[in-house]
Protein chains: 2
Amino acid sequence: MDGQPSFSLGPSSLTEALYESVRKRIVNGEIAPGEKLTEIRIAGEYSVARPTAKACLERLTALGLLRRTTHKTAVVPKLDESEIRDLYFSRETVERAAVAALARTATVPPDAVRAQAAMKAAAGDMAFASQVEADIAFHSALVAAVGSRRLSRMHEVILGEVHLTMGQFQAHRTTHPMNVVHEHDDILKAIGDGDPERAQQRLTHHLDQAQGRLVSQLRREQTEEART
Amino acid sequence: MDGQPSFSLGPSSLTEALYESVRKRIVNGEIAPGEKLTEIRIAGEYSVARPTAKACLERLTALGLLRRTTHKTAVVPKLDESEIRDLYFSRETVERAAVAALARTATVPPDAVRAQAAMKAAAGDMAFASQVEADIAFHSALVAAVGSRRLSRMHEVILGEVHLTMGQFQAHRTTHPMNVVHEHDDILKAIGDGDPERAQQRLTHHLDQAQGRLVSQLRREQTEEART
DNA sequence: CCAGTATACTTGTCTGACGATTTGGCGACG
DNA sequence: CGTCGCCAAATCGTCAGACAAGTATACTGG
């Protein structure tokens with residue numbers, strides 16, 4: 001019952017709106033990993049032409065949020081352990097550079113502080129999506145504050161995959177969000193103290209933790225489904 | 001298991017071929033910065049349909065090799081000084097991580113050595129394009145050897161813009177390519193010695209030099225055209 | 001000479017279609 | 001009975017043509 005796509009706010013164009021919507025559904029885990037997304041299906045669900053749907057899928061594929069090869073239908077990927085490691089290696093590369101740059105001028109991004117507040121607020125209830133959103137927003141703000149268009153662009157792509165992977169584990173969360181909050185605070189403190197070394201070290205620790213959480217969840221899931 | 005059984009040397013699809021061709025023309029400077037690329041023009045020149053040309057332009061835009069906003073014609077960008085700095089900041093971020101990783105295992109990429117040989121060979125004559133190609137190939141090999149798909153992808157995008165900018169200065173080259181060759185050798189040596197610190201330091205020095213060369217050429221060009 | 005409008009150009013999107021490729025099932029053969 | 005090859009369906013790649021909407025430019029009037 002979507003009716004007419006008369007929502008002309010936000011995204012200027014139809015393609016943009018379509019892209020945003022599908023992207024959201026993917027990273028939020030509404031579309032399960034492994035699920036097929038044909039051009040025709042998208043075109044049908046949103047009442048758009050197939051070329052429009054095609055453009056959307058191609059964009060998502062370029063960002064790593066979909067996998068597809070020529071003449072095969074796109075599927076939502078499920079990152080295996082080695083890919084999660086690769087993802088976090090690149091993520092660490094980008095974010096280390098970011099926090100180092102910020103610490104050098106002792107610049108604490110206001111947006112990151114705001115995201116921290118939002119995360120603390122969401123830690124109480126079980127608003128998973130909100131927690132993940134706030135986490136993403138925190139790291140995003142960190143990199144954005146550096147002011148490098150290209151660094152931010154790279155980071156955006158990486159965070160997309162991170163979001164996707166986190167979204168797929170939503171149901172099985174196991175860690176207390178306050179741990180994450182404290183790790184974030186450590187990073188901000190090091191930046192505020194103008195200590196690049198410590199900031200990088202804290203960041204690396206935080207990302208190692210996060211990566212570990214994902215990997216262990218992945219493993220648990222695998223043994224679980226092997227038992228069936 | 002996943003490898004394409006066919007080594008289709010030519011691009012498998014039409015869009016691919018079109019993209020490759022236009023990309024080459026842009027980074028080689030055949031299409032001057034500021035020049036307009038309309039969908040219709042591309043479609044006409046290559047005898048393809050407009051949607052195909054459109055897809056091509058969109059891909060190039062996503063890679064930063066074209067600039068365009070909604071309902072406006074795509075143009076080949078000319079990076080100004082601040083953008084060159086931004087580009088090299090991101091480049092340094094990625095490549096520093098790469099050489100550090102390689103040095104940690106003292107892995108000297110054979111492809112990088114090969115690219116060095118090619119560069120030395122091209123240093124004699126005035127094959128500019130070849131020199132630039134070899135330079136790009138060297139850095140590309142460096143990052144590829146790390147084995148991180150995502151790092152390589154980010155680097156590919158960055159190198160595209162680097163290639164573009166270098167290509168635009170082709171006519172005015174002023175530096176002896178042997179300088180570059182020696183800087184490259186220093187980096188490889190540090191990697192071979194298993195010394196991440198020195199490798200990173202050599203790399204940073206090299207990139208600073210390269211960036212300086214680009215910026216000074218840009219300035220010279222500007223004062224030159226201001227005199228008219 | 002400036003401003004405002006009108007026209008031409010370009011892009012965004014849609015409809016519809018045809019060829020090419022992959023996929024999955026079905027029957028034939030060893 | 002199992003394996004192989006072939007045919008049909010599904011899906012994608014590409015194309016053509018068309019209309020709407022936005023942008024840039026030129027022209028006209030003040």
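The sequence lines fix the lettering, A, B, ..., with proteins before strands; numbering per chain opens at 1. All of these numbers come straight from a predicted model, not from anything done at the bench.
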Which whole-number value in Å describes the distance from R41(B) CZ to dT11(C) P?
12 Å
Value in whole Å for how far the P atom of dT10(C) lies from CD1 of I42(B)
13 Å
If you assign T69(B) and K36(A) each to the DNA chain C nucleotide with the nearest heavy atom, which residue ends up on the more 5' nucleotide?
T69(B)
Specify whether H206(A) and H139(A) have parallel, tilted or perpendicular ring planes, treating 30° as the upper limit for parallel and 60° as the lower limit for perpendicular.
parallel
Do other residues, nucleotides or ligands put more than 12 heavy atoms under 6.0 Å from the CZ atom of R68(A)?
yes
Nucleic acid contacts - residues 49-66 of chain B versus DNA chain D, non-hydrogen atoms under 4.0 Å:
A49(B), R50(B), T52(B)
For D135(A) and H184(A), which I'm curious about, is there any donor-acceptor pair between the side chains at under 3.5 Å?
yes
Provide, to the nearest angstrom, the distance between the CG atom belonging to L37(A) and the C1' atom belonging to dC12(D).
15 Å
How close do L203(B) and V99(B) get, counting heavy atoms only, and between which atoms?
CD2-CG2, 4.1 Å
Write down the distance between CZ (R68(B)) and P (dG22(D)), rounded to a whole number of angstrom.
17 Å
Can you tell me the distance, in whole Å, between the CD atom of E39(A) and the P atom of dT15(C)?
15 Å
Are P77(B) and L164(B) close enough that some pair of their side-chain heavy atoms sits under 4.5 Å apart?
yes
List the residues meeting salt bridge (Lys or Arg N to Asp or Glu O under 4.0 Å) with E58(B), not counting sequence neighbours, and say none if there are none.
K54(B)
Checking dT23(D), dC14(C), dC12(D) against the side chain of K72(B) (C-beta onward), the nearest is dT23(D)
Whole-Å distance separating the CD1 atom of I40(A) from the C1' atom of dC12(D):
9 Å
Most 5' of V48(A) and A74(B) on DNA chain C, judged by nearest nucleotide
A74(B)
The side chain of H71(A) is closest to which nucleotide in this list: dC14(C), dC12(D), dT10(C)?
dC12(D)
